[in-house]
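Read the numbers this way: they start at 1 and go in the same order the structure lists the ligands and their atoms. Because the structure is predicted, anything quoted here is derived from the model rather than measured. Count residues from 1 along the sequence.
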Amino acid sequence: MILDIIDKKRKNEELSYVELDYFFNGYLKKEVKDYQMSALLMAICINGLTKKEIVNLTKIFIDSGEVLKFNTDKIIVDKHSTGGIGDKTTLVVAPIVAACGVPVIKMSGRGLGYTGGTIDKLESIPGYNVNQTPKKIEKQFEDIGIVLCSQSANLVPMDKLIYALRDVSGTVSSIGLIAVSIMSKKIAGGADKILLDIKYGKGALLEKKKDAQELGDIMVDIGKSYKKEVRYILSNMDVPLGYAVGNSIEVFEAIDILCGDEKDNILVDLCVDLASNMVSMGKNISLKEAKKQVLEVINNGKAYNKFLELIKYQGGDIKKLKVSNITQKYKSKKSGIIKDINALSIGKISLSLGSGRVNKEDEIDYDVGIELNKLVGEKVKKGEVLCKLYVNKKINLSILDDVFTIEE
Ligand code: URA
């Protein structure tokens, strides 16, 4: 049966619910081996999954663990990003949305990539407790209307196992598998409405915009079969998002945006766009009206106050947030206009400084990271600082030589 199923997918034939269930739950029970699952995942990567297979596999994933149902009559709007370099949007968007009166419960993961995930960034705030029980989540939700915590271990355990295998078998970038992975977690997490931020470009899982759009359409379809409203935004990930890449350094940047101190760049625009969509979904109002409310809570300080309320409630001490005091400056070797900042290279350098994990058990250094001094499109003079590194030991700066493309 195991080999028949692999063979069927290799021939690009549709697998039934029973076959998918047998194979994936067999893997959970360790009856299907890593090499057999890897073979099926690769056949899926090459031949894709049909709509029916995607909906069936999503159900199998959801059923592998607990499904949360919060005791509230409020609409819960969740957001998910497919991940990117310098992506601190959740830290900005969640307090804005909550300050607009739309409650947010967001469970995030740790990063196993170039930088930490949202949870790692929050843990860079000394004292912040990411582990919450469903009871505590409900209480906090009623008290302050916002919770940012880590996913419970029993939420879609199938995804944890399969994702770890995809990571080491070259099968991460399958559109169908990404859709199943994301939507199973969002549905099991108890969201009523879901906003997806799908990245495309050099620093993203999917390079082509058309693939990102296909992924979005599939996830909207999965949402329909669970009667959940799903919207998606496509955002470019060729260059890092904003000025900061790391962990605590990204929290500092999130604070700047929440205070209205950072304006007119792609990160700020994306945060406003995401928050407006969430408010529009949560309140059933137009995007235009939602955007007005979003800009209002940034300008009148309510968004930043909500952020402070959240950090305090979960035990964090924002005054103790810090970056490393060992720094190095990388200066431009010529004058001109910055045409490109390679997101992938910035991510890899940030990882080498210690801001991300190569293996699950690796410890993150929260205080290291990269702060860009200029963004794409800006002018730079020879000798001017292009970026500042926060490090735990001095490094050879020549690793930055290919990151910036400057045209004279
Ligand atoms: N994010 C997820 O949660 N799963 C994927 O497969 C890809 C991105």
*Asks:* State, to 0.1 Å, how close S174 and I44 come at their nearest heavy-atom pair, and which atoms those are.
*Replies:* OG-CG2, 4.1 Å

*Asks:* Give the residues near ligand 1 by chain and number, with the criterion being a heavy-atom distance under 4.0 Å.
*Replies:* H80, Y163, R166, I178, S181, I182, K185, L205

*Asks:* In plain terms, say whether D340 and K202 are close enough for a salt bridge, that is, a side-chain N and a carboxylate O under 4.0 Å apart.
*Replies:* yes

*Asks:* Sequence neighbours left out, what pairs pass salt bridge (Lys or Arg N to Asp or Glu O under 4.0 Å) with at least one residue falling in residues 303-315?
*Replies:* K306-E309

*Asks:* Please evaluate residues S248 and K322 with respect to the criterion side-chain hydrogen bond (donor to acceptor under 3.5 Å, both in side chains), reporting the C-alpha separation (whole Å), side-chain torsions for both, the decisive distance (0.1 Å), and the verdict.
*Replies:* CA-CA 7 Å; S248 61; K322 62 175 178 54; over 6 Å; no

*Asks:* For K11 and D7, run salt bridge (Lys or Arg N to Asp or Glu O under 4.0 Å): C-alpha distance rounded to whole Å, both residues' side-chain angles, the deciding distance at 0.1 Å, then the answer.
*Replies:* CA-CA 6 Å; K11 291 190 209 137; D7 211 36; 3.5 Å; yes

*Asks:* Distance from N342 atom CG to T405 atom OG1, nearest 0.5 Å?
*Replies:* 7.5 Å

